[in-house]
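What follows is a short report on a single structure.
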Amino acid sequence: MTTHQPPPEPPPAPPRPTQERGRRRRATLLSAAVELLTEGGFAAVTHRAVAHRASLPLAATTYYFTSRDQLLAEAFAQLVDTELATLRTWITTHGLTTLPDHITAADHTRQLGLWELYVHAGRDPALRRIARHWTDGCVTLLAETLDLPATDPRPRLLYTTLSTLWLELVVERRPTAEARTLLNLALENISPTR
């Protein structure tokens, strides 16, 4: 004769690992650093300001980021990765020739923060690696868009032109139509069919 046993009770839910909480806190601090960087530039990112923006104790910033340099480098890296993803989406959706429109419409303070750190990378080897990631990422995106091999010099030439136009739009607030005309001229002169 078989006796029916009640089904076993499910095991208790495991406690949330403190590592997950730590990852969330670190991500919150990093997001706060990116916000401060884009709003106020390089000088705005301090441990105290980041902790305040993240609504976390000051000790949290020094626990997760041993130095201001580390905090800035990781904020810059996050800013670069976000901008590269945004560029890819824009170019895929709207085409390369409309990139000046994206630059003009994008968050101006974020653009300034990105370029400020890019220039500052000339004095900071840790940031220089991230600046190179930005350049290489843009060149790769342009090569893919133009259907050219990554080793072809034309995407890099286009990136150089585009960087200058980008800075003129962000810093000098030059007309978008002028940048669009110059970008189209550059594209005509480096087109793969030439």
For this session: With side-chain contact (heavy atoms from CB on, under 4.5 Å) as the test, would you mind laying out the steps for Trp134 and Leu79 before giving the verdict?
Result: CA-CA 10 Å; Trp134 163 253; Leu79 193 56; over 6 Å; no

For this session: Start with the C-alpha gap between Ile130 and Leu117, add the side-chain angles, then the distance that decides, and say whether side-chain contact (heavy atoms from CB on, under 4.5 Å) holds.
Result: CA-CA 9 Å; Ile130 301 163; Leu117 275 174; over 6 Å; no

Exercise. Could you walk me through whether Leu148 and Leu142 pass the side-chain contact (heavy atoms from CB on, under 4.5 Å) check?
Worked result: CA-CA 8 Å; Leu148 291 169; Leu142 292 172; over 6 Å; no

Exercise. Does the side-chain contact (heavy atoms from CB on, under 4.5 Å) test come out yes or no for Leu158 and Leu96, once each step is laid out?
Worked result: CA-CA 11 Å; Leu158 180 59; Leu96 186 53; 3.9 Å; yes

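Rounding to the nearest 0.5 angstrom, the gap separating the CD1 atom in Ile91 from the OG1 atom in Thr145 is 4.5 Å. Considering OG1 of Thr140 and CZ of Arg88, their distance stands at 8.5 Å, rounded to 0.5 Å. If you take CD on Gln111 and CD on Glu116, they are separated by 13.0 Å, rounding to the nearest 0.5 Å. With rounding to the nearest 0.5 angstrom, the CG atom of Leu162 is 11.0 Å from the CG atom of Leu157. Note: Asp81 CG to Thr86 OG1 = 10.5 Å, rounded to the nearest 0.5 Å. The OG1 atom of Thr61 lies 12.0 Å from the CZ atom of Arg68; values are rounded to the nearest 0.5 Å.
With a 4.5 Å cut-off on side-chain heavy atoms, Leu183 and Pro100 count as touching. Contact of the Leu146 side chain with the Ile190 side chain is registered, since non-hydrogen atoms from C-beta on lie closer than 4.5 Å. Arg180 is not listed as a side-chain neighbour of Thr98, based on a closest heavy-atom distance of 4.5 Å or more. With contacts defined as side-chain heavy-atom distances shorter than 4.5 Å, the pair Gln78/Ser31 qualifies. Counting heavy atoms from C-beta on, the side chains of Tyr118 and Thr135 come closer than 4.5 Å.
Following chains of ILVMFWY side-chain contacts shorter than 4.5 Å, one can reach Tyr63 starting from Leu71, so the two form part of one hydrophobic cluster. Hydrophobic clustering (side-chain heavy atoms under 4.5 Å, transitive across Ile, Leu, Val, Met, Phe, Trp, Tyr) groups Leu182 together with Val171.
Cys138 and Leu87 get closest at one heavy-atom pair: SG-CD1, 4.0 Å. Arg174 approaches Leu169 most closely through the heavy-atom pair O-CD2, 3.3 Å. A pairwise comparison of heavy atoms in Tyr64 and Gly22 identifies OH-CA, 3.3 Å as the closest pair. Counting all heavy atoms, side chain and backbone alike, His120 lies closest to Phe42 at NE2-CZ, 3.2 Å. Listed here is the closest heavy atom pair of Ala54 and Leu29: CB-CD2, 3.8 Å. Of all heavy-atom pairs spanning Leu56 and Arg25, the tightest one is CD2-NH2, 3.3 Å.
Within a 6.0 Å sphere centred on NE2 of His94, other residues, nucleotides and ligands contribute more than 12 heavy atoms. Atom CZ of Arg156 is surrounded by 12 or fewer heavy atoms from other residues, nucleotides or ligands within 6.0 Å. For CZ of Arg128, the number of neighbouring non-hydrogen atoms (other residues, nucleotides, ligands) closer than 6.0 Å is greater than 12.
Using a distance-only test at 3.5 Å, with no hydrogens or angles considered, no donor-acceptor pair links the side chain of Ser55 to the main chain of Ala51.
Between the side chains of Asp107 and Thr109, at least one donor-acceptor pair of N or O atoms lies under 3.5 Å. For the residue pair Thr176 / Thr104, a side-chain donor-acceptor distance below 3.5 Å is found, with atom types taken as modelled.
Residues Arg26 and Glu74 are paired through a salt bridge, judged by an N-O separation under 4.0 Å between the basic side chain and the carboxylate. By the 4.0 Å N-to-carboxylate-O rule, Arg110 lies close enough to Glu83 to be salt-bridged with it.
Note on ring orientation: taking the six-membered ring where Trp is involved, the planes of His102 and Trp90 are tilted (angle from 30° to 60°).
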